[in-house]
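Bear in mind that the values here come from a model prediction, so they are computed numbers and not experimental data. Just follow the structure's listing: the first ligand is 1, and inside any ligand the first atom is 1.
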Amino acid sequence: MTAPMLTGAHFRLALTPEGWRRNLSVHFAADGTIRETIEDGNPAGLPVYENPVVPGVTDLHSHAFQYAMAGLSEVRRNPVDSFWSWRDIMYFFALTLSPEDMQAIAARLYLALLKGGYTGIVEFHYVHNDLDGTPYARREELSLAIFEAARATGLELTHLPVFYAHSNFGGETPTGGQRRFIQDLDGYHAMLDSLRAPAAEAGHVLGIAPHSLRAATPEEIARLMQMRDEMLPGCPVHIHVAEQVKEIEDSLAWNGRRPVEQLFDIAPVDDRWCLIHATHLTDAEVGQIARSGATVGLCSMTEANLGDGIFPATDFLAQGGEFGIGSDSNIATFAAQELQQLEYSQRLRDRQRNVLASPGQPHVAANLWTRAARGGARAAGRPEGAIAPGGMASFVELTSPEPEALLPVDPEACLDFHVFSGRGFHVGDVVVRGRKVVQSGSHPQEEAILAEYAAAMRRIAGRLDDRKTR
Ligand code: NGQ
Ligand code: ZN
């Protein structure tokens, strides 16, 4: 059931690329983009939003299944736990999931993301094979489970089937725990090809994603670029890069180049690329990424959870770099949490406050939100994420269960309240590409989605118990 297409809306207060605007009539085009915005008295009689409205953010990096792992990896099991010991638990967990579970988890997650300020998602999808590592009869089975979750919730999907072939730099043999992820180039080609028609039919963007320079060799990445030219010219390309210090060390040990240096050596990185994490950068790399026009995909909550390190956001923004935000392991589903953590990481490092503001936008939350919405849309291969002509008609109405709490706050600081007060983040309507997907905080499929998720979690808990006691 798809909600009807709206023709426009009138906002009392809306966050636009030029800052907050009052009494803004926004007219939508038939393709779900914004045709025109006019400050007026609403002569067209468009539906009026009294609450503030912000552009919907595209979550530019998610591994949906990891949403169901929350709480499983916060116990110290080694003298020193790390990203790598977390990854072992994640591999173990990935071996419990059926296609039905994948769909139920993704739908539950996407519902949460819609209520967390996101109107789109880029799913970096690498669990492809059956439990024993053989492809499903329909190779793209698990991708189709993701498509179904996007359909059921109305979150706009950019789907990135991930190419994953090795366990470390230099084409090392994959481990048994990685067997559900592994494909050769022919298998990947076949999967991409079979996904093209269903993606086009459902309006999903398809893109290409070598998992990392650890999981794909330079030769393989060159082949992926040929497949892109042949099948999906100009599509988004995403890759994990430079997240962990050990990754930098392994890269240097392999060929004397750091991961970002290697990537620029071998690939035509431009504004269609998105570098996920890019946490550990030299000054030269910061400049190189900013100049390339690539978007950096910051996943601040997951990066903090995994103990990755601190991205040099102040330097990168000062050099004109573009970024978006991703929920990655999905331990947080609110865009506000990601932005808060991003700002706090810089404050803790620099011992300053209000670091990621800009001369044109001194409100930290408004500055970060505007940029993250723009960067997310770019990385997803969508029209601009902005309440402006040509942008997507995707927006989120902010509400508060205690409106009096905001009375002392200047209306232009309302997003600062929502991002930095820690009192939850409440949405009224959520409109995705001109269609009302959430109405006054409720989603029409909510009950069914929660019930299917609960059933999936019962199945998964049973399988985890079997494996522990065996
Ligand atoms: C992932 N997650 O693919 O889920 C990765 C871990 C890896 C993050 N990098 C696996 N946050 O990078 O090897
Ligand atoms: Zn990731």
Should the pair [X]-[Y] be classified as a salt bridge under the 4.0 Å nitrogen-to-oxygen rule?
| X | Y | answer |
| --- | --- | --- |
| Asp350 | Arg347 | no |
| Arg151 | Glu201 | no |
| Asp101 | Arg459 | yes |

Exercise for the section: Could you establish whether Gln66 and ligand 1 come within less than 4.0 Å of each other, counting only heavy atoms on the residue side? Expected result: yes
Problem - Phe181 near ligand 1 by a heavy-atom separation under 4.0 Å - result: no
Handout entry: Pairwise side-chain contact, Phe163 with His128, heavy-atom cut-off 4.5 Å (strictly under)
Key = no
Exercise for the section: Decide, counting backbone as well as side-chain atoms, whether His61 has an N, O or S atom less than 2.8 Å from the Zn ion (ligand 2). Expected result: yes
Exercise for the section: Return yes when at least one N/O/S atom of His277 is nearer than 2.8 Å to the Zn ion (ligand 2), and no when none is. Expected result: no
Looking only at heavy atoms, is any part of [X] under 4.0 Å from ligand 1, and if so is it the side chain, the backbone, or both, or is it neither?
| X | result |
| --- | --- |
| Phe65 | neither |
| Ile276 | neither |
| Phe124 | neither |

Problem - Closest candidate by heavy atom, reference atom 3 (O) of ligand 1, pool Met90, Glu247, His211 - result: His211
Fill in the blank from the handout: Closest heavy-atom approach to atom 13 (O) of ligand 1 among Gln244, His240, Arg87 is made by Arg87
Fill in the blank from the handout: Taking only non-hydrogen atoms of Leu306 and a 4.0 Å limit, the atoms of ligand 1 in range are 11 (N)
Do [X] and ligand 1 have an N or O pair less than 3.5 Å apart?
| X | value |
| --- | --- |
| Glu243 | yes |
| Thr302 | no |
| Tyr126 | yes |

Exercise for the section: With side chain to side chain contact (heavy atoms under 4.5 Å, CB included) as the test, would you mind laying out the steps for Val427 and Phe425 before giving the verdict? Expected result: CA-CA 7 Å; Val427 301; Phe425 175 95; 3.6 Å; yes
Fill in the blank from the handout: Residue, atom and distance of the protein heavy atom nearest atom 12 (O) of ligand 1 read Arg214 NH2, 2.9 Å
Exercise for the section: List the closest protein heavy-atom neighbour of atom 11 (N) of ligand 1: residue, atom name, distance to the nearest 0.1 Å. Expected result: Asp328 OD2, 3.0 Å
Fill in the blank from the handout: So OH of Tyr126 and CD1 of Ile182: to nearest 0.5 Å the spacing works out to 11.0 Å
Exercise for the section: Show the numbers, then the answer: is there a ring-ring contact (aromatic ring centres under 6.0 Å, His included) between His238 and His61? Expected result: CA-CA 9 Å; His238 290 218; His61 191 70; 7.4 Å; no
Problem - Test applied, side-chain hydrogen bond (donor to acceptor under 3.5 Å, both in side chains); reference residue, Tyr164; option that passes from Gln178, His211, Gln183 - result: Gln178
Handout entry: The single option from Glu247, Glu249, Glu285 passing salt bridge (charged side-chain N to carboxylate O under 4.0 Å, His left out) against Arg258
Key = Glu285
